[in-house]
Amino acid sequence: MAPVQVRGEVLSIRRVGDYHALTLVAPGIAEHARPGHFVALAVGGEDTSMLLRRAFSIYRVQERGVYGGTVEIVFAVHGRGTAWLARCRPHDPVDVVGPLGRPFALPREAVTATLVGGGYGAAPLFSLAEQLRRRDCRVDFVLGAATESRLFGALEAKRMSTQVAITTEDGSLGERGRVTDVLPAMMARSGAEVVYACGPMGMLRAVTEIATAYGAHSQCAVEESMACGVGVCMSCVLPVVGDDGRTRMVRSCVEGPVFNGERVRWDAIGTVPPDTVGAPDDAAGGGHRP
Amino acid sequence: MTRMRITDGRPGSTPLPDLDMSTSLAGAELPSPVLTASGCAAAGRELDQFFDVTEIGAVVTKSIMLRPRAGRPTPRMAETPSGMLNSIGLQGPGIDAFLERDLAWLRRRGARAVVSIAGGTVDEYTKLAQRLRHVDGVTAVEVNISCPNVEDRGQVFACDRNAAATVVAAVRRATAPGVPVLAKLSPDVTDIVSIAESVVDAGADGLSMINTLLGMVVDTDTMRPALAGVTGGLSGPAIRPVAVRAVWQVHAALPEVPILGMGGIRTGLDALEFVLAGASAVSVGTVVFHDPAAPLRVAHELQRALGERGFGRFADAVGYAHRPLPPVAEPAAPDHQEAPVEEEA
Ligand SMILES: Cc1cc2nc3c(=O)[nH]c(=O)nc-3n(C[C@H](O)[C@H](O)[C@H](O)COP(=O)(O)OP(=O)(O)OC[C@H]3O[C@@H](n4cnc5c(N)ncnc54)[C@H](O)[C@@H]3O)c2cc1C
Ligand SMILES: Cc1cc2nc3c(=O)[nH]c(=O)nc-3n(C[C@H](O)[C@H](O)[C@H](O)COP(=O)(O)O)c2cc1C
Ligand code: FES
């Protein structure tokens, strides 16, 4: 379904630990949103000097209601744009483009799934869990963060799953450590066939390795820096192996953000591997300007 | 599909003034003077979700090379005040896939296509032009000469009169006679007029200006360059005055040469600046990343702005700012017959 651009409006904004949960009235987006889709928000108001949109996973949507469709995101203040969003108040206008990207692939049959979220990366996993449970899948959660205030959705995860494992790097909640410390045992207990993950690149790489070692399929939502979010600028690429076995620099905003983890060349992110289609074959070939 | 457009405060329902917006760009007849910019619209397909790409002047496609190209490592972009820096490195599928997929789509869709080409040698540019010669649906060829010449220690073609002229002459020779060739100029030169003269002498039918300015951002957290490619091209509203200046200077020196103006156009009034300075058409680039419907919105805003200033035809506004100050207000701009403002002492 094609994305739309709508002039949205803030319905509510609240603090959730270190994060902000922002609900926008954005008609036309909720109806077509699938778990793993994202929205791109214009920040800074009408004459903003921040030209590039900010991308956020969709946490949840409401198709109808008094206000028409709503979209909720969960975000951390990172730089100027997210600081501006955090200052938004009800009724403020926010221009929204979405739903964008390729969502999580859902299994055709009932499978056993483990959902792994790092920090705000947990946000898109709850609507996914709902969909999976509707398909009679067993759903377990592993949520991790640096510290308790950066864990998102621990209670919600408990409600929606068979088992939940929590990790924090400082041990403030759950086990001290990282999601990947507890993931193998979790998968072994449940016999997980699919792992869905969203979080920092390093986590996704480690999760894919564990999933692959267990013979499980992996679906990872990546976070690459994006200028347009709609597929026209080529800034959000990463090396991904295609069906033909060849590596290409692939746009994560339209062919992702969800990828089959085994297809992503995690170790080569930030480079153009020499065997990539169209990689420079000599030093001179690589020196072009934009 | 719901399409809501931001209209810089104007209600979207206001009818557009009745105005002839068609333009002739170096012989290419366009129904609208607003186009996309190379590298900011891919080949039109993605933006067609946000506005009807057949309604704008033309889609200017991402510079295409002979062979597939992977481009630069990431990070490839950094936001800057009212702009951005990019070092994409001309990632693209190569001319064969482009013709088969992208140009074919534009043709099926009924959109006009200005095809941008890029190469590392004169021979590559020539071969690209030859490939385009035998396909339908090429409204114009734009030659991106802001590429390093691999045969001359990576010197950028656009920064050298002779190298720029050699490429443009070769492309002009290889291109079908009825298809205009636009040379795209870089602002990173001491004297843009002399480069413009040189490529026009070499056969360019028109000029696209400006390409990005070379820039750099240092990330103060990592304390390293923000882009993997270290330097990148600066674009967006931040560069607009540089672009308007370049268009003004070249139009003053070569008033007969059609110009496709670009650099930071965000609104219809921004576009009008370029037109008054001498552009026969404009491209909207980086601002598309902010507002994916920008090209059509800018076209509508420009039409309103021209109407408000009393113009009956878009063509009458081209280069208007170069006219000597009239002793009394000219009939062409009846809305602005104010008494001359006294200059500040
Ligand atoms: C598909 C996707 C989903 C995301 N989901 C969420 C989410 O649910 N919650 C959340 O808090 N954050 C999310 N992010 C990251 C979020 O987009 C950035 O934190 C945000 O853009 C930073 O903007 P800023 O103005 O605060 O920071 P600045 O550093 O000032 O941003 C400058 C520029 O860099 C880009 N940028 C900077 N950091 C990132 C980053 N980590 N990822 C992508 N672009 C970046 C911005 O878009 C902007 O163009 C997601 C990113 C992507 C790509
Ligand atoms: C991400 C990006 C990619 C670009 N790629 C190309 C390109 O392939 N060929 C080209 O001639 N210009 C390219 N440009 C330059 C634009 O076409 C335009 O000349 C420049 O950005 C100034 O216009 P703007 O400020 O409206 O973007 C690119 C610009 C950007 C931002
Ligand atoms: S962000 Fe522009 S192509 Fe993906």
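Worth saying up front: this structure is predicted, and the values here are computed from it rather than measured.
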- Task: Check the surroundings of atom CD in B/E100: do more than 12 heavy atoms from other residues, nucleotides or ligands lie under 6.0 Å from it?
- Result: no

- Item | Closest heavy-atom pair and its distance - A/C233, B/F289 | CB-CZ, 3.5 Å

- Message: So that I can tick it off, tell me whether A/R53 and B/E79 are bridged by a salt bridge, with the cut-off set at under 4.0 angstrom between side-chain N and carboxylate O.
- Response: no

- Around A/R178, counting heavy atoms of other residues, nucleotides and ligands shown, do more than 12 lie under 6.0 Å from its CZ? no

- Item | Under 4.5 Å from any heavy atom of chain A - which part of B/P292 | both

- Message: Which atoms of B/R153 are under 4.5 Å from chain A, going by heavy atoms: the side chain, the backbone, both sets, or neither?
- Response: neither

- Message: Among B/N86, B/I88, B/T74, exactly one meets side chain to side chain contact (heavy atoms under 4.5 Å, CB included) together with A/S235. Which residue is that?
- Response: B/I88

- Below 4.5 Å from any heavy atom of chain B, which atoms of A/T247 appear? Answer side chain, backbone, both or neither. neither

- Query: So which heavy atom on A/M249 is nearest to which on B/Q91, and how close?
  - Reply: O-NE2, 2.7 Å

- Greatest number of non-hydrogen atom pairs under 4.5 angstrom with chain B, of A/V97, A/T48, A/T271, A/I269, falls to A/T48

- Message: Is any side-chain heavy atom of B/F50 closer than 4.5 Å to one of A/V230?
- Response: yes

- Message: Between A/V277 and chain B, with a heavy-atom cut-off of 4.5 Å, which part of the residue counts as in contact: side chain, backbone, both or neither?
- Response: both

- For residues B/M77 and A/A227, report the shortest heavy-atom separation together with the two atoms involved. CE-N, 3.7 Å

- Message: Taking side chain as everything from C-beta outward and backbone as N, CA, C, O, which of these in B/T286 sits under 4.5 Å from a heavy atom of chain A? Side chain, backbone, both or neither.
- Response: side chain

- Going through the distances and angles, do A/L52 and B/H290 end up as a side chain to side chain contact (heavy atoms under 4.5 Å, CB included)? CA-CA 5 Å; A/L52 307 180; B/H290 182 74; over 6 Å; no

- May I ask you to say whether A/R251 pairs ionically with B/E46, meaning some side-chain N is under 4.0 Å from a carboxylate O? yes

- Backbone of A/C236 reached by a side-chain donor or acceptor of B/R76 within 3.5 Å: no

- With chain A, the option among B/S38, B/A41, B/G94 that has the most non-hydrogen atom pairs under 4.5 Å is B/A41

- Nearest heavy-atom approach of B/P73 to A/V272 is N-CG2, 3.7 Å

- If you count the non-hydrogen atoms of other residues, nucleotides and ligands that lie under 6.0 Å from CZ in A/R80, is the total more than 12? no

- Query: Of all heavy-atom pairs between A/D47 and B/R266, which one has the smallest distance, and what is that distance?
  - Reply: C-NH2, 4.0 Å

- Message: If we define contacts as heavy-atom pairs under 4.5 Å, which of A/V254, A/L51, A/T276 has the most with chain B?
- Response: A/L51

- Task: State, to 0.1 Å, how close A/G231 and B/A42 come at their nearest heavy-atom pair, and which atoms those are.
- Result: O-CB, 4.2 Å

- Query: Hey, is CZ on A/R263 packed in by over 12 heavy atoms from elsewhere, all under 6.0 Å?
  - Reply: yes

